[in-house]
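Source: prediction; values computed, not measured.
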Amino acid sequence: MPRFLFLVACASIVASTMVVAQGPVDLNGVWGAAALPPAVEPGKSVRWLLPLKGVDPEGTDVFKGLDRIQVNNRAAAPNKPAYKPELVAKVKELSDKQGVLDPAFYCKPQGVPRMGPPSQIVQTPGQVVFLYGASNLFRIIPTDGRPHRADADPSYMGDSIGRFEGDTLVVDVTNFNDDTWLGSDGYFHSEKMHVVERLTRKGDVLTYTATVEDPLVLATPWTLPVRQLKLSKSAADALLEAPPCVEHDAPHIVTLDHH
């Protein structure tokens, strides 16, 4: 059995034997996007038509036009990390070369907080386990009051410890390496980054937020846009092992278009 499937199976068994989850709120379950596209019957397909201003669908520069729209839309978004003035030029340079410099493009973990909320949560006495179905990654978060580890090497997902504040799980994350970005527009960070994630359950909806502090590069703390997830009640939504990431495109890149 693949290692990830074995972990999911074991975690599911542990969760199923729990009578009451530790903490004031039960976060166990598979969590998916709160708003899903219309269901499609097996064997059928659905076609989405997206009008894109300034892009000729019959032309030869469709991908260039899509890239331009995507970059402009993100640049106009009101909620972006605020970098120190002397680092703004570096962010722009990384963004311009995102197609060849983004660490995630080379099959590296996206890291916290870019990887977002987990696909499944397994809550047991003294710890919470986050499973990420799309990337075969997991995080084990102690909730027994222990401090951050002093002997851990910096990593993509950092060192996490958790605590409950009412019906909210608060996850404090430190000890990162600097080989991830906060987003695809060159939003780099240093090893001094500190992330606080909050997961609040109301009924069958889980709200996820994350706030980033980095005294070396950010002028002010940055809070990611709120994400909401819905609890799955279908056995068909059980996590499966994702195909391994294999990078084939890097040797063939000839433009700086975003990916």
Side-chain angles (χ1 to χ4, degrees), residues 3-4 7 67 70-71 74 79-84 86-119 129-142 148-162 171-197 208-225 227 241-253 255-259:
R3 181 179 177 185
F4 180 72
L7 173 66
D67 177 60
Q70 177 182 245
V71 171
R74 289 203 301 265
N79 183 24
K80 298 188 291 292
Y83 282 81
K84 294 184 176 181
E86 64 271 23
L87 297 175
V88 171
K90 178 178 179 179
V91 173
K92 184 180 184 308
E93 180 181 9
L94 292 176
S95 178
D96 290 343
K97 300 178 180 178
Q98 182 262 352
V100 294
L101 296 181
D102 189 341
F105 180 58
Y106 298 95
C107 293
K108 298 178 180 180
Q110 289 189 339
V112 178
R114 188 178 180 183
M115 63 198 306
S119 306
V129 180
F130 286 180
L131 304 176
Y132 297 85
S135 54
N136 297 340
L137 296 173
F138 65 91
R139 295 164 62 194
I140 299 177
I141 302 165
H148 284 289
R149 291 178 53 184
D151 60 344
D153 293 328
S155 64
Y156 288 94
M157 293 183 285
D159 179 58
S160 299
I161 55 174
V171 183
D172 190 275
V173 199
T174 61
N175 203 29
F176 293 98
N177 64 31
D178 60 0
D179 199 22
T180 66
W181 287 2
L182 302 178
S184 59
D185 287 313
Y187 297 146
F188 73 101
H189 64 84
S190 76
E191 291 187 349
K192 296 299 183 182
M193 180 173 70
H194 173 214
V195 178
V196 176
E197 301 169 288
Y208 173 88
T209 64
T211 299
V212 180
E213 296 177 310
D214 191 331
L216 295 187
V217 301
L218 294 182
T220 60
W222 177 58
T223 298
L224 280 69
R227 297 275 298 278
E241 183 178 19
C245 176
V246 180
E247 169 46 46
H248 296 295
D249 296 330
H252 308 291
I253 293 177
T255 73
L256 291 180
D257 293 342
H258 285 57
H259 57 260

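The shortest distance between side-chain heavy atoms of F176 and P154 does not fall below 4.5 Å.
For the salt bridge (charged side-chain N to carboxylate O under 4.0 Å, His left out) condition, the pairs that include at least one residue of residues 103-116, sequence neighbours left out, are D102-R114, K108-D179. Applying the salt bridge (charged side-chain N to carboxylate O under 4.0 Å, His left out) definition to pairs two or more places apart or across chains, those involving residues 148-162 are R149-D151.
The OG atom of S135 sits 7.5 Å away from the CD atom of Q110 when rounded to the nearest 0.5 Å. In this structure, M193 CE and T174 OG1 are separated by 10.0 Å, a value rounded to the nearest 0.5 Å. The CG atom of N136 lies 5.0 Å from the CD atom of E241; values are rounded to the nearest 0.5 Å. Taking CE of M157 as the start and CZ of F138 as the end, the distance is 7.5 Å to the nearest 0.5 Å.
Checked against H148 for a side-chain contact (heavy atoms from CB on, under 4.5 Å), the options D172, V173, N175 give a single hit: D172.
In this structure, K90 is not positioned above the aromatic face of Y83 in the sense of NZ or CZ being under 6.0 Å from the six-membered ring centre and within 45° of the axis.
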Could you go through the side-chain contact (heavy atoms from CB on, under 4.5 Å) check for Y106 and L101 one step at a time? CA-CA 9 Å; Y106 298 95; L101 296 181; over 6 Å; no
Run the side-chain contact (heavy atoms from CB on, under 4.5 Å) check on L137 and Y156 step by step: do they pass? CA-CA 11 Å; L137 296 173; Y156 288 94; over 6 Å; no
Checking side-chain contact (heavy atoms from CB on, under 4.5 Å) for the pair N79/W222: CA distance, chi angles, key distance, verdict? CA-CA 8 Å; N79 183 24; W222 177 58; 2.9 Å; yes
Test side-chain contact (heavy atoms from CB on, under 4.5 Å) applied to K80 and D185, step by step: CA-CA 10 Å; K80 298 188 291 292; D185 287 313; over 6 Å; no
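In plain terms, the two heavy atoms of I141 and G162 that are nearest each other are CG2-N, 3.5 Å. The two residues W181 and Q98 come nearest to each other via the heavy atoms CZ3-CG, 3.7 Å. Here the shortest heavy-atom pairing between A134 and A242 reads O-CB, 3.6 Å. Residues P113 and V212 share a closest heavy-atom pair of CG-CG2, 3.7 Å. Of all non-hydrogen atoms in P117 and R227, the two that sit nearest each other are CD-NH1, 3.5 Å. T180 and G111 get closest at one heavy-atom pair: CG2-CA, 4.1 Å.
Residues satisfying the salt bridge (charged side-chain N to carboxylate O under 4.0 Å, His left out) criterion with K92, sequence neighbours excluded, are D96. Judged as a salt bridge (charged side-chain N to carboxylate O under 4.0 Å, His left out), and not counting sequence neighbours, the contacts of E93 are K97. In this view, C245 and C107 satisfy the side-chain contact (heavy atoms from CB on, under 4.5 Å) rule, not counting sequence neighbours.
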Side-chain atoms of residues 214-221: list all donor-acceptor pairs with protein atoms under 3.5 Å, sequence neighbours left out, distances to 0.1 Å.
from: D214; atom 1: OD1; to: S190; atom 2: OG; distance (Å): 2.7
from: D214; atom 1: OD1; to: L216; atom 2: N; distance (Å): 3.2
from: D214; atom 1: OD2; to: S190; atom 2: N; distance (Å): 2.7
from: D214; atom 1: OD2; to: S190; atom 2: OG; distance (Å): 3.1

